[in-house]
Structure formats: structure tokens, C-alpha cells
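Notes follow the structure.
These figures come from a predicted structure and were not determined experimentally. Residue numbering restarts at 1 for every chain, and letters A, B, ... go by the order of the sequence lines.
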Amino acid sequence: MFALCDVNSFYASCETVFRPDLKGKPVVVLSNNDGCVISRSAEAKAFVVMGEPYFRQKEAFRRHGVTAFSSNYELYADMSDRVMTTLEEMSPCVEIYSIDEAFCDLSGVRNCKDLTEFGKEIRSTVLKRTHLTVGVGIAQTKTLAKLANHAAKKWQRQTGGVVDLSNVDRQRRLLAVVPVEDVWGVGRRISRKLNAMGIKTALDLSEQSTWVIRKHFNVVLERTVRELRGEPCFELDEFAPEKQEIVCSRSFGDRVTEYEQMRQAICYYAARAAEKLRGEHQHCRFISAFVKTSPFSLNEPYYGNSASVKLLTPTQDSRDIINAASKCLSRIWKEGHRYQKAGVMLGDFFSQGVAQLDLFDENAPRKNSGLLMDILDQLNAKSGKGTLYFAGQGIKPQWQMKREMLSPRYTTRYCDLLLVR
DNA sequence: TCTGGGGTCCTAGGACCC
DNA sequence: TCTGGGGTCCTAGGACCC
């Protein structure tokens with residue numbers, strides 16, 4: 001048995017925890033650069049469109065008294081930790097699936113407790129400790145647990161925010177009313193195709209023959225069908241697998257038109273990516289950089305391109321990674337465009353000591369590289385990000401993002417006491 | 001004027017091997 | 001006239017997730 005626990009309107013709720021005056025009022029959180037709406041409080045759902053740009057909804061926000069926040073990921077990550085710690089205390093095995101969701105293994109719990117009761121305990125404990133509300137969906141497969149969670153949120157008042165789907169009749173009744181596009185693993189493209197085939201509800205999908213689904217779609221959807229029937233295909237992954245790639249990219253607050261500005265931005269992303277890489281205790285061989293103009297602007301030609309290099313010897317040294325990324329940039333830069341976004345990607349990872357040195361590599365490994373990087377990371381960890389940085393990043397970046405409605409650092413600076421007890 | 005960021009998995013096709 | 005069979009590895013692209 002699995003329980004899927006997720007926080008209601010996570011980002012928006014994190015903001016209202018520290019602004020009790022906004023409880024019960026429409027609140028939204030915006031993506032970087034205050035671009036799109038990425039989280040809405042229950043009260044905001046009626047007149048705010050998820051994923052739509054802020055500038056198009058500004059007027060409606062004003063009319064309905066919606067409070068908007070720039071995203072404050074430091075705060076959300078910290079609140080997420082508190083929620084996950086609580087879940088880990090209450091359940092023997094937890095898979096943290098995203099910043100606001102976790103699957104809990106309930107196979108043992110089942111023998112000694114009523115599952116719905118247990119779900120309610122989780123809810124009240126998380127609420128008490130963090131002032132955040134979670135929905136709990138319980139079932140014998142992950143896909144069904146997701147669906148149960150969906151129901152717990154949709155009919156929160158009737159269900160008390162907890163739905164146990166172990167009963168087969170109950171399962172069928174729910175599947176029959178859930179549109180197929182709300183099933184975990186069924187996105188826009190696939191639901192359109194399914195609808196055209198007359199498959200409209202989750203129940204319809206669960207009744208398809210697996211080989212028909214495999215023929216018209218793929219094994220991924222076949223697994224979803226099996227899971228909907230109660231046959232588990234996905235296990236609980238308690239330990240996060242090692243990363244396969246690291247991406248660092250950002251849209252610019254203002255369009256970038258000058259090479260020097262872009263070079264600084266790429267240098268910054270490369271340095272951040274290298275830092276993340278060392279955080280994973282990995283070395284990489286693949287480095288790429290990309291730039292692009294806005295895909296939305298109609299009166300200028302679109303340009304987007306990327307270039308990559310494959311090193312002979314894996315590295316974790318920021319200097320190597322910055323070097324490689326800068327070289328990539330020089331290959332794809334085109335004068336005369338108004339660039340909206342750029343980024344750096346790392347891949348082809350090797351663990352420490354596993355890499356084979358190359359006899360013909362002209363760039364011999366740098367002396368004391370590991371030691372230097374350790375000191376760099378330690379300093380930045382202790383004294384705050386950006387204490388020590390590379391000259392290539394520039395001193396006064398003009399390309400930084402806009403966050404005009406940012407909330408204070410409630411939990412990571414001076415207000416920690418609020419939540420301690 | 002203004003539209004996010006970071007991931008995973010699967011498949012098909014090409015290059016190459018014997 | 002007629003040109004095999006079985007495999008691996010890599011990459012790009014498409015789908016999905018939050």
C-alpha cells in the first residue's frame with residue numbers, strides 16, 4: 001500500500017503561513033522574472049489561470065484583490081524539508097517525489113492501524129508543525145494513490161482530505177468519474193489521442209487491452225493501465241538515484257544584446273552548474289551551452305542554438321567547465337538578436353576515481369583542483385552564495401532576473417523562531 | 001514591454017562490430 | 001540472377017512529471 005501526500009497549493013500556502021492576514025484570500029506565486037502564475041490559493045482558483053503570464057492577468061488581479069508574490073525558492077525548500085521530516089518520522093519508508101509530494105509505504109502500517117485514521121494523523125501532525133495542509137491518497141499502486149489524492153483534494157470537505165481507495169468498488173466509482181487526462185502519466189498529447197479513440201475516463205483506460213495500448217502508444221502507458229487495475233509496476237524508490245544531468249538556465253530580466261553580457265551570464269551558469277556537480281560528488285565529461293530569443297515575440301526572427309564539448313578527462317573544476325561553456329558560446333553567438341534566455345548543461349557523469357586518464361589529453365588535470373574547489377564551496381556555503389566568485393561572471397550583472405514582489409527570508413534569516421515550536 | 005526551471009524515460013535510426 | 005544474421009552503442013526527438 002502507498003500513500004501519496006502532497007501539500008495543497010504549496011508555494012502560495014508557504015507565503016500565507018507567514019502572512020496570516022492573507023489567510024482565506026486569493027494569493028498567487030509567480031515564476032522567475034514574475035513571468036507566469038505557478039501556484040494559486042484555493043480562493044484564487046476562480047479567477048486566476050494557472051501557467052498564464054502575469055502581465056495578462058494583472059488587471060483581473062487588481063479587480064479581485066489578488067496578492068501576488070515573486071517565487072522565493074529558499075523559503076519553499078526550507079518548508080519542504082520540514083514537511084518531509086515529519087513524514088519520515090511517521091512512516092517507515094518515504095520517497096520524496098517532488099518539492100511538495102511524497103509517497104509513503106504503508107504495507108506495515110496496515111496491520112496495526114486503520115489507513116484512513118493514519119492519513120488523518122499525518123494531516124494533523126503536518127498542520128501542527130508547519131501550518132501547511134496536506135492531502136492524502138491511499139491505494140495499492142502509485143497511480144491509484146495519485147488518483148485517490150486527486151479525489152481527496154477535489155472533495156476536500158466530504159473526505160476530510162484523506163481518501164483510502166483499497167476498496168475495489170470505491171475504486172471503480174472514482175475511476176468512472178475521473179477524466180483520462182487527470183491520470184498520472186497521461187499528458188495533453190496522449191489524452192487527445194485517447195479521447196479520439198473514445199477513451200474518456202480513467203475507467204475506460206483501465207479496461208483497455210494492454211497489447212492494444214502498447215501497439216498504439218508505448219510501454220509507459222501500458223504500465224499506467226496495469227497500475228489502474230491494481231497491478232503494481234512502480235516501486236517505492238526511497239533513495240534518489242544519481243543524477244544523469246545538471247541544467248542551470250534562466251530567463252533574463254531584460255533582453256541581452258551584447259556578447260560581454262551573455263558571456264558573463266554563461267560564466268555564472270557554468271559556475272553554478274559546477275557547484276551543483278560537486279554537490280552530487282560527480283565529475284562530468286559533457287558540457288553544453290545554449291542561447292535563445294523569445295519564442296513569443298512575433299516581430300523578430302527566432303534564434304536558438306546550442307553547442308557542446310566532450311572532454312577527454314572528466315572534471316569537476318569550475319575553471320574547466322567555465323572554459324568549455326565559454327567556448328561553446330563563441331560558436332553559437334549571433335550578433336543582432338535580443339536574447340531572452342541562456343543556460344549550461346552538464347552530463348556524462350563519472351564518480352570520483354572511476355575515470356580513466358587519457359594518454360593524449362592536452363589538458364592535464366589541474367594540480368590541487370579538488371582542494372581548491374572544496375575551499376571555494378565551503379566559503380560560499382558558510383558566508384553566503386557569491387562570497388567568492390569568478391571574475392568572468394562580472395561585477396554588476398545587468399542580466400539578472402526580476403523579482404519585484406519577493407517575500408522576506410522568513411525561515412532562513414531572522415524569523416526561524418516562529419516555526420521552531 | 002512583459003510568457004519558468006529542472007528533470008526522467010522510451011524509441012527509432014544510424015554507425016559500427018563479428 | 002543472386003548479397004545474412006545478430007548484436008551493441010549512441011543520439012535526437014518526443015512524451016511525460018513537478
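Per the geometry, CD1 belonging to A/I246 stands 11 Å off P belonging to B/dG6, to the nearest Å. In this structure, A/L194 places its CG atom 13 Å from P of C/dA15, rounding to the nearest Å. Spacing between atom CG of A/N32 and atom P of B/dG6 amounts to 8 Å, rounded to whole angstrom units. Straight-line distance from the CZ atom of A/R223 to the P atom of B/dT11: 8 Å, rounded to whole Å. Counting to the nearest Å, the P atom of B/dC9 and the CG atom of A/L221 are 18 Å from each other. Computed from coordinates, the A/E101 CD to B/dG7 P distance equals 17 Å when rounded to whole Å. Note: CE (A/M345) to C1' (C/dA12) measures 11 Å, nearest angstrom. Here the C1' atom of nucleotide C/dC9 and the NZ atom of A/K310 are 11 Å apart, to the nearest Å.
Each of C/dA15, B/dT1, B/dT11 was ranked by its minimum atom distance to the side chain of A/N218; first place goes to B/dT11. Comparing B/dG6, C/dC18, B/dC10 by their nearest atom to the side chain of A/S98 picks out C/dC18. The side chain of A/Q340 approaches B/dT3 more closely than any other nucleotide in the set B/dT11, B/dG6, B/dT3. The nucleotide whose nearest atom lies closest to any side-chain atom of A/I190 is, among C/dA15, B/dG7, B/dG5, C/dA15. Taking only side-chain atoms of A/K243, from C-beta outward, the nucleotide of B/dG5, B/dG7, B/dC2 with the closest atom is B/dG7.
In the displayed structure, A/E235 atom CD is contacted under 6.0 Å by at most 12 heavy atoms of other residues, nucleotides or ligands. At most 12 heavy atoms of other shown residues, nucleotides or ligands fall within 6.0 angstrom of atom CD in A/E258.
Using a cutoff of 4.0 Å between basic side-chain nitrogens and carboxylate oxygens, A/D34 and A/R403 are not scored as salt-bridged. Under the 4.0 Å criterion applied to side-chain N and carboxylate O atoms, A/R338 and A/E300 are assigned as salt-bridge partners.
At a threshold of 4.0 angstrom between heavy atoms, the contacts of A/Y97 are confined to the sugar-phosphate backbone, with no base atom among them. As judged by a 4.0 angstrom heavy-atom cut-off over every strand, A/K146 is placed among residues touching the sugar-phosphate backbone only. Across all strands, A/I99 comes closer than 4.0 Å to no nucleic acid atom at all (heavy-atom distances). A/L30 comes within 4.0 angstrom of no nucleic acid atom, judged by non-hydrogen atoms across all strands. Nucleic acid contact class of A/D34 (heavy atoms, under 4.0 Å, all strands): none. Using a 4.0 Å heavy-atom criterion, one finds that A/E245 contacts the bases of the nucleic acid, with or without backbone contacts as well. Across all strands shown, A/K402 has no heavy atoms under 4.0 Å from either base or sugar-phosphate atoms. Among the protein residues, A/R56 comes within range of the nucleic acid bases, having at least one heavy atom under 4.0 Å from a base atom.
Under a 3.5 Å cut-off, the side chain of A/E101 and the backbone N or O of A/I96 do not form any donor-acceptor pair.
Of the nucleotides present, C/dG5 is the one that pairs with B/dC18 by Watson-Crick or G-U wobble criteria, both distances under 3.5 Å.
A cation-pi arrangement, defined by a distance under 6.0 Å to the six-membered ring centre and an angle within 45 degrees of its axis, is absent between A/K292 and A/Y302.
Comparing A/R250 and A/S297 by the nucleotide of DNA chain B whose heavy atom lies nearest to each, the residue mapping closer to the 5' end is A/S297. Taking the nucleotide of DNA chain B with the nearest heavy atom to each of A/P53 and A/S249, the more 5' of the two is matched to A/P53.
Taking 4.0 angstrom as the limit, A/R255 places none of its side-chain polar atoms (N or O) nearer than this to OP1 or OP2 of B/dT1. Between A/Q57 and B/dC2 there is no side-chain polar atom (N or O) within less than 4.0 angstrom of OP1 or OP2. At least one side-chain nitrogen or oxygen of A/S251 sits closer than 4.0 Å to the OP1 or OP2 atom of B/dG5. Between A/R272 and B/dG5 there is no side-chain N or O to OP1 or OP2 distance below 4.0 Å. The phosphate of B/dG5 has OP1 or OP2 within less than 4.0 Å of a side-chain N or O from A/K341.
A donor-acceptor contact under 3.5 angstrom links the side chains of A/Y76 and A/E15, judged on distance only.
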